[in-house]
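Not measured: the values here are computed from a predicted model.
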Amino acid sequence: MTLEAGSDFERLIEYLRDARGFDFTGYKRASLMRRVAHRCSELGIDNFRAYHDYLQVHPDEFVTLFNKILINVTEFFRDRSAWNYLRDHLVPRIIARGGDIRVWSAGTSSGEEAFSAAILFCEALGEAAFLERVKIYATDVDEESLSKARGGYTSKELESLDDAFKERYFDRQGERFVFRASMRRAMIFGRHDLTQDAPISRLDLLICRNTLIYFTAETQGRIMARFHYAVNDDGYLFLGRAEMLLTHTGLFTPVEMNERLFTKVAKLQLRERLMLLAQSGSAEATNHVARQLRVRELTTEGAPFPQIVIDAMGVLVSANQPAREMFDVPLSDVGRALKDLQLSYKPIDLRTPIDRVIRDRQPTTMQNVEIKLADGSPGFFDVNVAPLVDEDGSLVGTAVNFFDVSHLVRLRSDVDRMRQELQSGREELETTNEELQSTVEELETTNEELQSTNEELETLNEELESTNAELESINTDLRLRTGEVERLNTLLLAITGNIEVGAAVLDGRFRVQVWNERAADLWGVRSDEVMGNSFFDLDIGLPADQLREMIQAGSGGRKRHGELIVVATTRKGRQIRCRVVAHTLGDGDKPTGVVLVMEELKL
């Protein structure tokens, strides 16, 4: 297959950058062109221009192409001797320093090297200390590889890992093995482009193995300058076997060359670090140097008020002595990104007003901001954030000035307090005078009310005496009526208890009120079993339904006496002819009950 290699290929690379954000312009052309050509051959395409058109029509092809270019081949503890040296010599040094431990696995692919680092530190620290102290960042430009790292590995992919480590650090989920969830909290996976995105800073260990070989020497220089910024002065860089680092000895020095382990050279001053970025060869870095130097020229260390200056890239380039003392800013923080410093949000949020000033190119002031001073006492400051604009109109940074207005705030507070106290005193005097007048009037009114109340109490006492007499009379009547009721009940029980026929007394709702002994003997139910129950619901041998019309007749205003002979069954199961007589109780048109007499007729 014949492929054109010139401008068509360069346009294809630019399209990949603009369409999907993957910048391969820094990759070695021969290797890159060979892999893209191999993919074209698989599709039966014979030139880069046609493949460019194919990508525009088939967006799913991007994933396949990136996998071809990036060739994600890795394993746990690859190059075992290098990992052993790291474990035996460098990890103990990092741990002995105390404090948090930050690790970055750049170009992590499917995550094996990031998890290898996690296992090393956990073995050295123990799980509790590992979770408390260690944070591991694992990044790559390939989202598919990162998804694989998050989703786990097959048994075959874990063959290079000791069985003890596999059992201790991985949980089986179906056919895959996933890094333990409790340990996984210490790790962050995310997309990151080494050629474009800002580096992760304050690192104790940076792992980037066999990734730089894909880039040109110019791009490698730019990436190594960023690595130099990212690693702590006593941090370490861990490269792959294929990466020699021979062209960057000014940035890192070998700890163990055979294992590709390096440490950062002595810390550079800010100006030297900026020049180093310029030497990486990019126009962006050169402009960055110019902006940084111009910003430093616009600041004054001797200002009598606290002042900090941030460049257009968000880096703290200056903090004068009053600012360093008030906010406890060490000189080592100068040159670091403001967002990584406590100063950006404590004691106040500086990021929001700085972003607004950069956007609007107009200064802004926050008045009467309370800030605790070094001795713990509160101070009040007007915080002025102003843009720093160069002669050509470009924004090179922002200056944040803190003007002490504590005395003005206190003076205004004292004046306001005195004014309020004076006004309050005047109002209190007027109120007191009105209250005195009102009190005299109320006392006079109260005296009249007391006299009236006394008269009402006397009248009420007389009414109570009259009511008491009436209550005594009513009580006497109730006692008399109760005695009469008791005598009538005694007489009724005596009558019903001594007659030889069954008798029952029903109330207005036909519920049983009296049930004599003969009725209990005749039908087999005791008085306490039927009292209060409806006569028509009783389970006895007397056919109550046949008697319903006669019993209910009196309650409807018809004849007040009725008689009926029915066939019934006694409690012994014997059938008899029973004469039932119903007498309606009550006077006038309002019956109050029914008296039933039940008599067995002789055959």
Side-chain angles (χ1 to χ4, degrees), residues 198-199 201-202 229 267 269-271 273-274 277 284 287-413:
S201 61
R202 294 180 287 126
Y229 164 77
K267 184 177 179 181
Q269 296 299 317
L270 177 61
R271 180 180 295 270
R273 185 160 63 251
L274 296 174
L277 287 173
E284 176 187 358
N287 292 335
H288 184 63
V289 172
R291 286 195 299 269
Q292 291 276 26
L293 295 177
R294 178 60 175 164
V295 169
R296 292 178 65 84
E297 292 172 359
L298 295 173
T299 62
T300 55
E301 175 68 18
F305 49 84
Q307 180 191 68
I308 64 172
V309 179
I310 301 95
D311 73 359
M313 305 298 291
V315 174
L316 177 66
V317 296
S318 174
N320 66 3
Q321 184 175 354
R324 295 195 298 271
E325 292 177 352
M326 187 167 74
F327 300 118
D328 191 23
V329 178
L331 284 172
S332 58
D333 282 351
V334 176
R336 295 176 58 186
L338 181 67
K339 64 182 180 63
D340 294 334
L341 305 179
Q342 189 181 52
L343 178 63
S344 66
Y345 62 88
K346 187 176 181 181
I348 60 171
D349 176 27
L350 293 178
R351 290 170 294 187
T352 301
I354 289 175
D355 291 342
R356 184 165 60 250
V357 167
I358 292 175
R359 183 186 65 246
D360 300 339
R361 299 289 184 95
Q362 295 292 329
T364 183
T365 300
M366 296 174 285
Q367 295 183 336
N368 301 336
V369 176
E370 183 175 352
I371 299 175
K372 282 191 176 181
L373 303 179
D375 59 0
S377 62
F380 295 90
F381 293 81
D382 284 352
V383 183
N384 175 264
V385 184
L388 298 179
V389 181
D390 208 344
E391 294 175 354
D392 59 359
S394 63
L395 181 73
V396 296
T398 53
V400 184
N401 303 305
F402 297 83
F403 301 108
D404 191 350
V405 294
S406 300
H407 62 291
L408 295 177
V409 172
R410 295 189 184 96
L411 181 59
R412 283 196 297 266
S413 177

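Distance check, rounded to the nearest 0.5 Å: CZ of R336 to CG of L341 gives 5.0 Å. If you take CD1 on I371 and OG on S377, they are separated by 12.0 Å, rounding to the nearest 0.5 Å. Distance OG1/T398 to CD1/I358: 5.5 Å, rounded to 0.5 Å. Note that the CE atom of M326 and the CD1 atom of I308 stand 9.5 Å from one another [nearest 0.5 Å]. To the nearest 0.5 Å, atom CG of residue L373 and atom OG of residue S406 are 6.5 Å apart. Between atom CG of residue L408 and atom CD of residue Q367 there is a gap of 11.0 Å, rounded to the nearest 0.5 Å.
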| request: Kindly indicate, with the supporting measurements, whether the criterion side chain to side chain contact (heavy atoms under 4.5 Å, CB included) is fulfilled by L338 and V315. | output: CA-CA 5 Å; L338 181 67; V315 174; over 6 Å; no

| task | Test side chain to side chain donor-acceptor pair (under 3.5 Å) on N320 and Q307 and set out the steps. | result | CA-CA 6 Å; N320 66 3; Q307 180 191 68; 4.8 Å; no

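Side chains of T365 and D382: a donor-acceptor N/O pair is absent below 3.5 angstrom, by distance only. Counted by atom type alone, T352 and D355 present zero donor-acceptor pairs between their side chains at under 3.5 Å.
The aromatic ring centroids of F402 and F305 lie 6.0 Å or more from each other.
Looking at R324, its side chain does come within 3.5 Å of a backbone N or O of A319 through a donor-acceptor pair.
The shortest distance between side-chain heavy atoms of P306 and F403 does not fall below 4.5 Å. Side-chain contact check for V400 versus V309: every heavy-atom pair is 4.5 Å or farther apart. Between R202 and D340, some side-chain heavy-atom pair lies under the 4.5 Å cut-off. Taking 4.5 Å as the limit, some side-chain heavy atom of R361 sits within range of a side-chain heavy atom of L395. By the 4.5 Å heavy-atom criterion applied to side chains, D311 and L388 are not counted as neighbours. The side-chain heavy atoms of Y345 and L350, taken from C-beta on, include no pair separated by under 4.5 Å.
P378 approaches E370 most closely through the heavy-atom pair CB-OE2, 3.3 Å. Closest of all the heavy-atom pairs between Q362 and V357 is O-CG2, 3.4 Å. The minimum heavy-atom distance between V329 and A323, with the atom names listed, is CG2-O, 4.3 Å.
When each of N368, T364, V369 is paired with V383, the side chain to side chain contact (heavy atoms under 4.5 Å, CB included) condition holds for V369 and for no other.
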